[in-house]
Novice: 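Starting off with a structure, shown below.
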Amino acid sequence: MTDQAAVGRNARGEWRPENRIASAPINQWPPDFRALTRWFPRYIAPNNVVWLAAALVTWTWLTPALGDMANLEVWWIALLLARNLALVLLLFGGLHLYLYIFKRQGDATRFTVKPFATDSARFLFRNQVRDNMFRTLVSAVPVFTGYEVLTYWGFANGYLGAFGAEVGSLLFWAWFVALLVATPIIHSAHFYFIHRLLHVRALYRRVHALHHHNVEVGPWSGLAMHPVEHLLYFSTVVVQWLLALHPVNALFQIQIAVYYAAMAHTGFDKVKVGERVAIEGGSHFHYLHHKYFECNYGGSLVALDRLFGTFHDGSPESHEAMRRRLADIRAAEG
Ligand SMILES: [Zn+2]
Ligand SMILES: [Zn+2]
């Protein structure tokens with residue numbers, strides 16, 4: 001695996017996928033129906049189906065009954081917190097062990113072979129992985145659990161989800177499914193806008209720079225953020241508060257934000273399970289953001305980067321275009 005992985009790696013130990021990053025065909029106008037029918041099954045499975053199954057399992061077996069959550073009480077909030085800590089340890093910890101401790105795919109499709117920092121003043125405890133784990137477990141998990149608590153409390157009291165639709169009607173379930181399908185798209189669009197906001201100088205310095213201390217990234221870097229960024233990042237659930245009729249839609253929105261953060265920061269283009277299965281997580285797209293800062297703020301699902309001229313598809317031409325754009329900005333700023 002190592003020999004194969006070394007193919008195409010430059011002298012600095014960097015590797016790039018051959019193919020340019022493409023935007024999803026939902027961004028094309030007029031619509032290309034052939035491309036859409038080819039793309040849609042890949043959008044649904046395997047990744048999003050697995051995440052949806054995880055959300056349904058969480059709701060069915062790992063969440064108290066909605067009626068029991070009408071009052072804010074310590075027992076059920078503590079239960080959600082413990083369950084979310086366990087989920088994050090399982091996914092983020094599992095990916096880290098799989099890729100970096102047991103090295104199950106060697107360096108195959110790894111963007112850089114530079115190790116994580118183990119003696120750097122940029123990180124708490126001078127150690128990148130420990131810093132990233134600390135910020136995830138101590139800040140990210142309580143913040144997104146807080147949003148989840150507010151969601152159930154709101155639904156249990158009729159403050160949310162009460163739009164007059166008859167529960168269990170055909171319209172109700174059609175809207176439920178439509179919102180499930182739209183969840184990753186909502187995530188991608190919301191992330192673009194809050195991420196651009198975080199790159200405004202004052203916010204960048206005080207808040208977002210902390211996430212960018214991670215130049216080489218691993219799964220735990222995904223949610224290694226300032227608490228203010230956690231509040232902004234998980235505020236994606238507010239979209240579901242405004243639209244959803246069922247709390248599972250909001251739960252799925254929160255969990256997608258958690259899972260996508262891990263997958264976009266694996267440091268590998270693909271996570272391989274055996275010889276046949278390769279899971280993509282949009283990792284190259286976001287890896288380029290960590291490397292160059294001023295490109296790829298969103299995801300390849302919603303082409304807002306393309307629309308606003310900040311898209312980097314990984315090619316030398318795209319790199320040159322980014323370099324020119326930044327030079328123009330610097331010239332305009334004097
Ligand atoms: Zn990142
Ligand atoms: Zn950024």
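What you see is a predicted model; the values in this text were computed from it and never measured. Ligands are counted one by one from 1 in listed order, and the atoms in each one are counted from 1 as well.
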Novice: Rounding to 10°, state the angle centred on the Zn ion (ligand 2) that links NE2 in H289 with NE2 in H199.
Specialist: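 It is 100°, given to the nearest 10°.
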
Novice: Tell me which N, O or S atom from H211 is the closest to the Zn ion (ligand 1).
Specialist: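 Going by distance to the Zn ion (ligand 1), the closest N, O or S atom in H211 is NE2.
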
Novice: Once you measure the plane-to-plane angle for Y204 and H212, does it fall in the parallel (<30°), tilted (30-60°) or perpendicular (>60°) bin?
Specialist: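 Plane angle between 30° and 60°, so tilted.
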
Novice: Can you tell me the N, O or S atom of H290 that's nearest the Zn ion (ligand 1)?
Specialist: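 Going through the N, O and S atoms of H290 one by one, NE2 ends up nearest to the Zn ion (ligand 1).
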
Novice: So which N/O/S atom does H286 have closest to the Zn ion (ligand 1)?
Specialist: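 Nearest to the Zn ion (ligand 1) within H286's N, O and S set: NE2.
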
Novice: Quick one: pull up CZ in R206 and CG in L198 and give me the separation to the nearest 0.5 Å.
Specialist: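 So the gap between those two atoms works out to 13.5 Å.
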
Novice: For the Zn ion (ligand 1), give me the closest N/O/S atom belonging to H265, just the atom name.
Specialist: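 It is NE2 of H265.
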
Novice: Between T63 (side chain only) and T58 (backbone N and O only), is there a donor and an acceptor less than 3.5 Å apart?
Specialist: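 Looks like yes, one N/O pair under 3.5 Å.
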
Novice: So which of the N, O or S atoms of H212 lies nearest the Zn ion (ligand 2)?
Specialist: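 In H212, the heteroatom (N, O or S) nearest the Zn ion (ligand 2) is NE2.
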
Novice: Could you give me the CA-CA distance, side-chain angles and deciding distance for Y260 and H187, then say whether ring pair (Phe, Tyr, Trp, His ring centres under 6.0 Å) is met?
Specialist: CA-CA 9 Å; Y260 275 31; H187 172 80; 5.3 Å; yes

Novice: Determine whether the aromatic ring centres of residues H208 and H226 are separated by less than 6.0 angstrom.
Specialist: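 No.
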
